[in-house]
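Below: the structure, in structure tokens.
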Amino acid sequence: MTFGLGEWGADQATSRAIFDAYREAGGNFVDTADIYAGGESERLLGSFIADAGVRDEIVLATKFGFNASANPLAAGQAGRGNPHAGGAGAKNIHRALDASLRRLGTDYVDLYWMHIWDGVTPVGEIVQTLGDLVRAGKIRYYGFSDMPAWLACKAATIASERGVPGPIAIQVEYSLVARDVEAEHVPVAREGGMGVIPWSPLAGGFLSGKYRREDTSGTGRLSGANPFGDSKFSNRNWDILDTLTTVADELRRSPAEVALAWTLHRPGVASTLIGAREASQLEGNIAAASLRLDPEHLTRLTAASAPVPGFTASLTAAPIRRMVFGGHDVTGWEE
Ligand SMILES: NC(=O)c1ccc[n+]([C@@H]2O[C@H](COP(=O)([O-])OP(=O)(O)OC[C@H]3O[C@@H](n4cnc5c(N)ncnc54)[C@H](OP(=O)(O)O)[C@@H]3O)[C@@H](O)[C@H]2O)c1
């Protein structure tokens, strides 16, 4: 997402350095989207992969869904583009995929994500279109990002009942300070055989520890207007960061490494995306892949960041289970 982005991203030379550092460390899974930097992210990535001659070694993921013909949020734009150039209807998916393949300079995508739910297209049509693209060989697999949990569940069920290719993964915001998805999305993914791929595992840089409660002015993505519209600088998040920093100090690792390692230890997580604006950030963060957190550290981090239990969590609480099983403690699959 940072490749080719002017504001808080990386220019061409820096993007190439990040890609090279990632490959050097053994990385083989890259995530982009048609909308990132107006298509420039895909163009850059395609050229790096071609120059390195490594297309077959890379698991290349990109996304469709957002509309590039007009962005009502962008300054100076009228916000009246082609409504058929976005969303998950068959017409847009075919258009978007062909454009992505051209920019990426390849004839197939390994993992094709629906970037955002459009709230309109019937789930059966989405499954049909994406399943057909798998069968045609233009994409190898598909998954859903930023959607209600029921949609992924319904899609997986329709696909298995119809005997057509179904979704294999979900991509959702997931980090020590963003755990809402544990209520519905993670259980759905595990039940439906989908891997969970977190985005913003460092909460856009917050969990690197470079911002301070008393001074948030330091340079970084979160110091300007937050591109995702919410503020990470809440009292709750500062408290979580305090625990993270203490654990990181004890382990003599950076907070970013420990935060990423915690994410990788979570049930259902298959892999994590990592964001970077420069190669040095990536090189440091990659060390998280080899960090095994012991149960004591994991418990402290998990407890300090525990979300307020909602309705779904209350259904499987121990006292309720005992009421169901005649006083016996029966653990469910979610544990
Ligand atoms: N599906 C979706 O809707 C969606 C949404 C968002 C992202 N994504 C995907 O997820 C990927 C990762 O998301 P993200 O970039 O938000 O992840 P992130 O890891 O939470 O944030 C990455 C940012 O944190 C800062 N940072 C990273 N390591 C650091 C370090 N060691 N020290 C200090 N600062 C550090 C950098 O920004 P600064 O230096 O500028 O502060 C970097 O760009 C994206 O590239 C994209 O592919 C998907």
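Residue numbers run from 1 in the order of the sequence given. Numbering of ligands and ligand atoms starts at 1, following listing order.
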Practice problem: Evaluate the salt bridge (charged side-chain N to carboxylate O under 4.0 Å, His left out) criterion for residues R322 and D329: first the C-alpha distance (whole Å), next the side-chain angles of each, then the deciding distance (0.1 Å), finally the verdict. | Solution: CA-CA 6 Å; R322 283 186 211 116; D329 279 318; 2.7 Å; yes
On a heavy-atom basis, I'd like to know which of [options] is closest to [atom].
atom: atom 12 (C) of ligand 1; options: G275, S175, P255; result: G275
atom: atom 22 (C) of ligand 1; options: E278, K63, Q171, R221; result: R221
atom: atom 20 (O) of ligand 1; options: G204, S145, P198; result: G204
atom: atom 46 (C) of ligand 1; options: Y36, F3, W199; result: Y36

Pull out every atom of ligand 1 sitting under 4.0 Å from any heavy atom of [X], numbered as shown with elements.
X: D31; result: 9 (C), 46 (C), 47 (O)
X: L202; result: 18 (P), 19 (O), 20 (O), 27 (C), 28 (N)
X: T2; result: 43 (O)
X: S208; result: 30 (C), 32 (N), 33 (C), 34 (N)
X: D146; result: 1 (N), 2 (C), 3 (O)
X: G220; result: 38 (P), 40 (O), 41 (O)
X: N285; result: 27 (C), 28 (N), 29 (C), 31 (N)
X: K210; result: 33 (C), 34 (N), 38 (P), 39 (O), 41 (O)

Just checking, is any N or O donor in the side chain of [X] or [Y] under 3.5 Å from an acceptor N or O on the other one?
X: T129; Y: D132; value: no
X: Y112; Y: K138; value: no
X: E42; Y: T32; value: no
X: W199; Y: D31; value: no

Indicate, as side chain, backbone, both or neither, the part of [X] found under 4.0 angstrom from ligand 1 when only non-hydrogen atoms are considered.
X: P201; value: both
X: M1; value: both
X: E173; value: neither
X: S200; value: both
X: L273; value: side chain

Do [X] and [Y] have side-chain heavy atoms sitting under 4.5 Å apart?
X: F48; Y: S15; result: yes
X: Y174; Y: L273; result: no
X: I126; Y: F144; result: yes

Mind listing the side-chain donor-acceptor pairs of residues 285-296 below 3.5 Å, one per line with the distance, residues two or more places apart or on another chain?
| residue | atom | partner | partner atom | Å |
| --- | --- | --- | --- | --- |
| N285 | ND2 | Q281 | O | 3.3 |
| S290 | OG | A287 | O | 3.0 |
| D294 | OD1 | E296 | N | 3.1 |
| D294 | OD1 | H297 | N | 2.9 |
| D294 | OD1 | H297 | ND1 | 3.1 |
| D294 | OD2 | H297 | ND1 | 3.1 |
| E296 | OE2 | R300 | NH1 | 3.1 |

Quiz item: Does R43 count as lying over the ring of F3, i.e. NZ or CZ under 6.0 Å from the six-ring centre, within 45 degrees of the axis?
Solution: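 Geometry flag: not set, cation outside 6.0 Å or 45°.
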Quiz item: N/O to N/O below 3.5 Å, does that happen between T32 and ligand 1?
Solution: no
Quiz item: So is L222 polar-close to ligand 1, meaning N/O to N/O under 3.5 Å?
Solution: no
Exercise. Please indicate whether D20 has more than 12 foreign heavy atoms, meaning atoms of other residues, nucleotides or ligands, lying under 6.0 Å from its CG.
Key: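 Atom CG in D20 is packed in, count exceeds 12.
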Quiz item: Would you call R102-D34 a salt bridge at under 4.0 Å N-O?
Solution: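 D34 and R102: not salt-bridged.
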